[in-house]
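Right, one structure below, let's go through it.
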4 protein chains.
Amino acid sequence: MTVKKSEGKREQILRAAEKVFAEKGFQDATIADIVGRAKVSEATLYEYYSSKEDLLFRIPGDLTSEQKKEIEFVFDHIRGAANKMRAFIYHNLWFWQTHPDYASVALVILKQNRKFINTESYRIIYDTYQMMLPVIEEGIESGEFKAGTNPKLVLSMILSIIEYITVNKILHGTPENLLEYVDPITDQILGGIRA
Amino acid sequence: MTVKKSEGKREQILRAAEKVFAEKGFQDATIADIVGRAKVSEATLYEYYSSKEDLLFRIPGDLTSEQKKEIEFVFDHIRGAANKMRAFIYHNLWFWQTHPDYASVALVILKQNRKFINTESYRIIYDTYQMMLPVIEEGIESGEFKAGTNPKLVLSMILSIIEYITVNKILHGTPENLLEYVDPITDQILGGIRA
Amino acid sequence: MTVKKSEGKREQILRAAEKVFAEKGFQDATIADIVGRAKVSEATLYEYYSSKEDLLFRIPGDLTSEQKKEIEFVFDHIRGAANKMRAFIYHNLWFWQTHPDYASVALVILKQNRKFINTESYRIIYDTYQMMLPVIEEGIESGEFKAGTNPKLVLSMILSIIEYITVNKILHGTPENLLEYVDPITDQILGGIRA
Amino acid sequence: MTVKKSEGKREQILRAAEKVFAEKGFQDATIADIVGRAKVSEATLYEYYSSKEDLLFRIPGDLTSEQKKEIEFVFDHIRGAANKMRAFIYHNLWFWQTHPDYASVALVILKQNRKFINTESYRIIYDTYQMMLPVIEEGIESGEFKAGTNPKLVLSMILSIIEYITVNKILHGTPENLLEYVDPITDQILGGIRA
DNA sequence: GATGAATGAGAGTTCATTCAT
DNA sequence: CATGAATGAACTCTCATTCAT
């Protein structure tokens, strides 16, 4: 597997873009800002990325599949739907908390970009989230969760509250530790569905 | 009741802006787009609004205080914390569903505008949402809800799932009826807190 | 002699324009500024004056011929070229000092307007200044001034220093009394030409 | 000696701006006029200068300190206050005559720009002019000039007449040779102060 | 005579992108 | 492989002027 050009420089540009997009938003971030932070020339940036939007869409990169693998790993090693749900919530909050720039880009910028929905990255993220659905279904089958539970709605509620508190932290700059929410959220969700 | 200039034209411009902002986002929307839709000249737009951002911030306008009054009215005429919560969820989903352009502007554009947070409109919206807190607290006191319930978290979960499904509908253009979610959401939330 | 429209309003607009032009310069002054100060509508302004430039050129108005008459009167009642010169310098400094807005307009704005040179007002001002020339010539003939004195240069020096200190006062906002310069200037000029 | 970007182009733009400002004045000159004359694009102009006003303020550039050095050189090599004064007048008239566009910009546009007063260029010009003061004072002390001579007034008269005839030539486009005024002006000034 | 309302025409400025070296 | 330099295309906003009433 050969790679052209310097992968170091490619990564350097991507990390600079992530930072700048996170700080200023997509439109207010300029190519000049990004190359300034990446210490390369504007022309060089265009050697690696075909456009500003291309750069944006490549930010999720390998993180998405890594996250998918991690969730898969966790689900493989934990028993019980409720436990898996708690782990899922934990993992997501931990992930956003430890990747604040990426969180800004993913949850604020990419979230509302209609073109992003057609990218591979989006599909992987989507698939990752969908992995919760069979977990909930199995919980229902096993009797751990109430019959009548709507798995999609429960997943939506989990994802929405995770996003909500993450974005709130980003936008308002509060210093709170998101992991403190793991148990309250999990318990509240479970409270509504536990058999 | 005297009005300066043509209130009709003022409103016409505002509705055009709402539509265009909803379709393209704030940055991608141009003044040319807005005046094209409003059938006025660019200069005329600036007779009524001092800048593109001014136009954006005036979109919530009276809707916010109307919404607040409606929620107050509802809370005054309904007994029981759980019933009030269901009505709150209903009212909000109904409101976003019947004002889809405003929903786009409010939930996608204004949501992440740091300057908007300092406007009167934001304060009213914030106050409206906060009206749920005493309802939950009273529910706890009356024994209708479990002791140990965290009112703020419950409110966050309500607001987050409402936003989540509204924004999803907007961004993915799905034709679903948001009101179908009123009972599932309410029941799921209540399930976690009902005594 | 009939006049159309209200002469009061015409004058009101002109005085407002003089003030605004003096404060902001021609380009930075807006019609909105002027009608705001004059308490009339923009359309009304255009009933009286055909354009912003027309308004500017009409500011000198009757002041120029009044000034001419006053200089003529002074020259008729004073004997001696040196005395007339001192009176001329006095009168000009006094005039600019007592008409600071007009001074700004005339010496800063109109001075450098190539079109103004072709107006009647400019001709009257020019004629007024030229009235000093025969005075100097008579001074030479009568032996009061040195033979070989260049009347035009002397007049230029008089006018230039008057303008110079007037404009300096205007631009730098110094509170000095221009009349204190009458004797020093006159004596310095005379020193170079007195026989 | 390294230079960023093409100094040739930077100078080319500056000379075009000088010409256009001289011909039309600051406000009537457009960026389009300037780039048209400089044969570069508007965007290129903004690569070199941050704004139209920046461009204006950079026109004096090195000329001001060169002029100062030249006056210093002249004062160092000429003996006698009267001789120095004549040289000062000569040098200034020669300078404006040989730099007519700069004269327009400096004496008509920059002269009345309040912000320009706070620039380094203004300070240098001011200092250059102030160099005449000690010359006059020394003339008084040595007995070459009359006791009681007011150095500041004399300098004002020198500067004012130089400006006056220079600006008159610029605005009226007369073809006269300004150097013909050196002796008449010097003699007239000296006439009023020579002991 | 007076004006509220509307606008055409243009201004200065920005920035993602490209090309010659 | 890297980049300095250049720009086309757009943007928001301004304002003198006009017209219908």
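Below, chain A is the first sequence line, B the second, and so on; all start at residue 1. The shown structure was predicted, so the numbers you read here are calculated from the model rather than taken from an experiment.
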For C:D33 and C:T30, which I'm curious about, is there any donor-acceptor pair between the side chains at under 3.5 Å?
yes

State whether [X] places a side-chain N or O below 4.0 Å from either non-bridging phosphate oxygen (OP1 or OP2) of [N].
{"X": "D:T44", "N": "F:dT7", "result": "yes"}
{"X": "A:K9", "N": "F:dA2", "result": "yes"}
{"X": "B:Y48", "N": "E:dA6", "result": "yes"}
{"X": "A:Y46", "N": "E:dT17", "result": "yes"}

Return the pairing partner of E:dA9 with a 3.5 Å limit on both distances, Watson-Crick or G-U wobble; otherwise return none.
F:dT14

Paired with F:dA20 by Watson-Crick or G-U wobble geometry, both distances under 3.5 Å: which nucleotide is it?
E:dT3

Side chain of A:A43 only, heavy atoms from C-beta on: which candidate in E:dG4, F:dT14, E:dC19 is closest?
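Shortest atom-to-atom distance from the side chain points to E:dC19.
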
Please confirm whether the backbone N or O of [Y] pairs with a side-chain atom of [X], one donor and one acceptor, at under 3.5 Å?
{"X": "C:R10", "Y": "C:Y48", "result": "yes"}
{"X": "A:Y122", "Y": "A:K111", "result": "no"}
{"X": "C:E47", "Y": "C:A43", "result": "no"}
{"X": "B:K52", "Y": "B:A29", "result": "yes"}
{"X": "C:D54", "Y": "C:S50", "result": "yes"}

Expressed in angstrom and rounded to an integer, what is the separation of [X] atom [atom1] from [N] atom [atom2]?
{"X": "B:L45", "N": "F:dC15", "atom1": "CG", "atom2": "P", "result": "16 Å"}
{"X": "D:L56", "N": "E:dG12", "atom1": "CG", "atom2": "P", "result": "13 Å"}
{"X": "A:Y49", "N": "E:dT18", "atom1": "OH", "atom2": "P", "result": "17 Å"}
{"X": "A:K52", "N": "E:dT14", "atom1": "NZ", "atom2": "C1'", "result": "11 Å"}
{"X": "B:E53", "N": "F:dC11", "atom1": "CD", "atom2": "P", "result": "18 Å"}
{"X": "A:D54", "N": "E:dT17", "atom1": "CG", "atom2": "C1'", "result": "13 Å"}
{"X": "C:I13", "N": "E:dG1", "atom1": "CD1", "atom2": "P", "result": "13 Å"}
{"X": "D:K39", "N": "F:dA6", "atom1": "NZ", "atom2": "P", "result": "16 Å"}

Does anything in residues 20-36 of chain C come within less than 4.0 Å of DNA chain F? Heavy atoms only, and list the residues if so.
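Close to the strand are C:A29, C:T30, C:I31.
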
Do the rings of B:F21 and B:F26 sit parallel, tilted or perpendicular, given the 30° and 60° boundaries?
tilted

Go nucleotide by nucleotide along DNA chain E from the 5' end; which of B:E42 and C:E42 gets its closest nucleotide reached first?
C:E42

